[in-house]
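Below you'll find the structure, written out as structure tokens, and then a few comments.
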Amino acid sequence: MKSKASAPGKVILFGEHFVVYGVKAILCSINKRVTVTAEKTTDKKIFINSEIDNLILEPNKLISEINSPLKPFYYLANKVIKNQNTGIQIKIDSEIPLGVGLGSSSACCVAGAAAIFKLFGDISKEEILELAIEAERTIFENTSGADCTVCVYGGIMEYDKKQGFKKIEDEPNFQLVIANSNIEHSTESMVSEVKAFTIKNKEEFSKLLEQELELVEDVLKLLKENNAIKLGEKINQNQKYLETIGISNNQLRKMIEIGQKTSFGAKITGSGGGGCIFAITDESNLEYTLKEFKDNNFECFSVEIDFKGLNTF
Ligand code: PMV
């Protein structure tokens, strides 16, 4: 018997970095997915197969001994086959570019937890989420869990450290153009750089926190109105704050300049230093925005908000 699950990637629309200091962030899942297929095997081993790596491992190894980005899958498989006389074969297919802030690792953990655990019986979305966050901690210990949460439930959500996540029920119909700098970035080191900024610039940073807080509240109202033009202005404003805290660079600025010229607004998404930016568009400027990025040799694609979240089949 095979078990299959797919989960979407994500974009942080507003509030990255400031969320670490208590401000709300707004995230949405996107219609680019990871699909995981799991199957029991008679050979009591864990087989993991993907485009980036292939592993064949004995069960019960220490997680710290595994040096592979596929570690979360091993963690999940090993957990489920404890006390079972079976092995597991896992196959991963992904449409989400890796390591550029589009949530590919969270989507892997969510689809992985669902596909692997469903082989052994029914499991709720809440349990899948808990397992996915545990698995993600094997590669990023301090994950807030926000990415896995939006992956499971889909749509748009607000997230803050104290109150956790709250689904936003509005379903705005804008399209996003994502442009990839193809510069890999480390969330952990970008978070530390921002920390250094906050220590050096205490007063300036506390003012920025207030401004970001106000901006996110305005955005929550604008989402209800489905107003891409006004949202674009807020996106540009948020980008200014991200510039101030030092997570941008020349390559990202070049991309943002194009996005801000062709669409309603553009900003970095995620931790910055590399990774992706997005621009907000509708049918009036989508093609033009894509064309300008392509003409300037930037890898880009359009996405819509995914309202489905985790899918098992
Ligand atoms: O890992 P990324 O690039 O999706 O960004 C993480 C968002 C941060 O706010 C920078 C860190 C965090 O844990 O919220």
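In listed order, ligands and their atoms are each counted from 1.
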Next on the checklist: The test is salt bridge (Lys or Arg N to Asp or Glu O under 4.0 Å); show your working for Lys24 and Asp160 and say whether it passes.
Outcome noted: CA-CA 5 Å; Lys24 264 182 212 165; Asp160 78 66; 5.7 Å; no
For ligand 1, run through the N/O pairs with the protein that fall under 3.5 Å and put one pair on each line.
| unit_1 | atom_1 | unit_2 | atom_2 | d |
| --- | --- | --- | --- | --- |
| ligand 1 | 1 (O) | Thr187 | OG1 | 2.7 |
| ligand 1 | 3 (O) | Ser271 | N | 2.9 |
| ligand 1 | 3 (O) | Ser271 | OG | 3.1 |
| ligand 1 | 4 (O) | Lys10 | NZ | 2.8 |
| ligand 1 | 5 (O) | Ser271 | N | 3.3 |
| ligand 1 | 9 (O) | His17 | N | 2.9 |

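Between Tyr153 and Phe165, a ring centre-to-centre spacing shorter than 6.0 Å is recorded.
Salt-bridge check for Lys44 with Glu58: failed, with every basic side-chain N at 4.0 Å or more from each acidic carboxylate O.
Side-chain contact annotation: Glu51 with Ser94, donor-acceptor N/O pair under 3.5 Å absent.
Among residue pairs with one or both ends in residues 303-313, those qualifying as side-chain hydrogen bond (donor to acceptor under 3.5 Å, both in side chains) are Ser29-Asp306, Arg33-Asp306, Gln175-Glu304; sequence neighbours excluded.
Between Phe205 and Phe18, the angle of the ring planes stays under 30°, which puts this pair in the parallel group of the 30/60° scheme.
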